[in-house]
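Structure first, commentary second.
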Amino acid sequence: MPGFTCRLEATIESGRTDVLATGPSFAVALEVQRSRLHERRATERTLVYAQGADAVDWLYADRDIDAHKAELANRGWSLRIWYGWAKRECRIGVRYESNIDPELEYKEICGPLADWEITSRGLDSEHLRTARATVTGGREALRQKINQEASAAARRAAIKAEKEAAARLQEATRQRNARAQLLNQLQQTPDGLEEKWPTSWPELQGSPKQVHWAEELRARVIGWFLEELEKGWLDENRGIPVARWLALQTQAKFWIEICGHHEELVDVLHWYEDLFGRPIDRFPGSGQT
């Protein structure tokens, strides 16, 4: 290029670059790499060359060189160089990300040396500008897609959390209502049997989960007794002793087990009678008459 001088194997500080192109106001170091080179070593050498050059460009002859792969991964493009021995022609090109979503794809475009120029930022050409624009557009599109997916995921999470909160509130309301019904159930007595019905139902013992479950089960059993005694379906001499004995049971586990095996009041009565016999006027051990 007019106005430039080029030196081969030019020494810069402790390093030596393949080509040092010096113009009126800037210098560019060009490294042609044909052999293996690790990314770390390329970075170290670039820092050395940068002490005497405004820009440092690496031109890789082999796409399997580690430093070349690292450049592709980091910025999305890397310069390549080819030399045709038959035609004695040198060509410079660029390998770049042509597509990154859904799969990463690379493309290479190149041209003769006449297609390229040296600037204060290093080598430049229409090929390189095309590659840079493609990489920038592709990465920006992917960034936007990721942000959109993240926003959509955040919205879904917010909706899910809102539904879960509503469900927890609904369940808490249900439990409060069930608790209120349970307390009301315990305070009821069959008409005409106020003197014979258990005077109180004790607090149950067990884990919070067991107690919560057992209270609902006990209320269900008490409801069975109240309904059948009031409607005359259950003889009081048979039902009252069983109810008074049940009123002495304070373990949540007891109610969980009894209701886990008995689905109707008659099952509870038969279970009791299998254990103690059919009551007549008093249940053994109840302490109640």
Does one side chain, of Thr43 or Arg40, offer a donor that lies under 3.5 Å from an acceptor on the other? no
Between Phe225 and Trp245, is the ring centroid distance below 6.0 Å? no
Whether Arg75 and Glu71 form a salt bridge (side-chain N of Lys/Arg under 4.0 Å from carboxylate O of Asp/Glu) is what I want to check. yes
Would Glu171 and Arg168 pass as an ion pair if we require N to O under 4.0 Å? no
Tell me every residue that passes side chain to side chain contact (heavy atoms under 4.5 Å, CB included) with Pro202, counting only those two or more places apart in sequence or in another chain. Arg218, Thr250
Which pair of heavy atoms, one from Asp64 and one from Asp62, lies closest together, and at what distance? N-OD1, 2.8 Å
Rounded to the nearest 0.5 Å, how far does CG of Leu47 lie from CD of Glu44? 8.0 Å
Just how far is it from atom CD of Gln148 to atom CZ of Arg143, taken to the nearest 0.5 Å? 9.5 Å
Correct closest heavy-atom pair for Ala243 and Trp197 would be CB-CZ3, 3.7 Å
Return yes if a side-chain donor-acceptor contact under 3.5 Å exists between Thr46 and Trp58, otherwise no. yes
Considering residues, nucleotides and ligands other than Glu194, do more than 12 of their heavy atoms fall under 6.0 Å from its CD? yes
Taking 4.0 angstrom as the limit, do Asp124 and Arg129 come out as a salt bridge? yes
A quick test of your reading: do over 12 heavy atoms of other residues, nucleotides or ligands sit less than 6.0 Å from CD of Glu9? yes
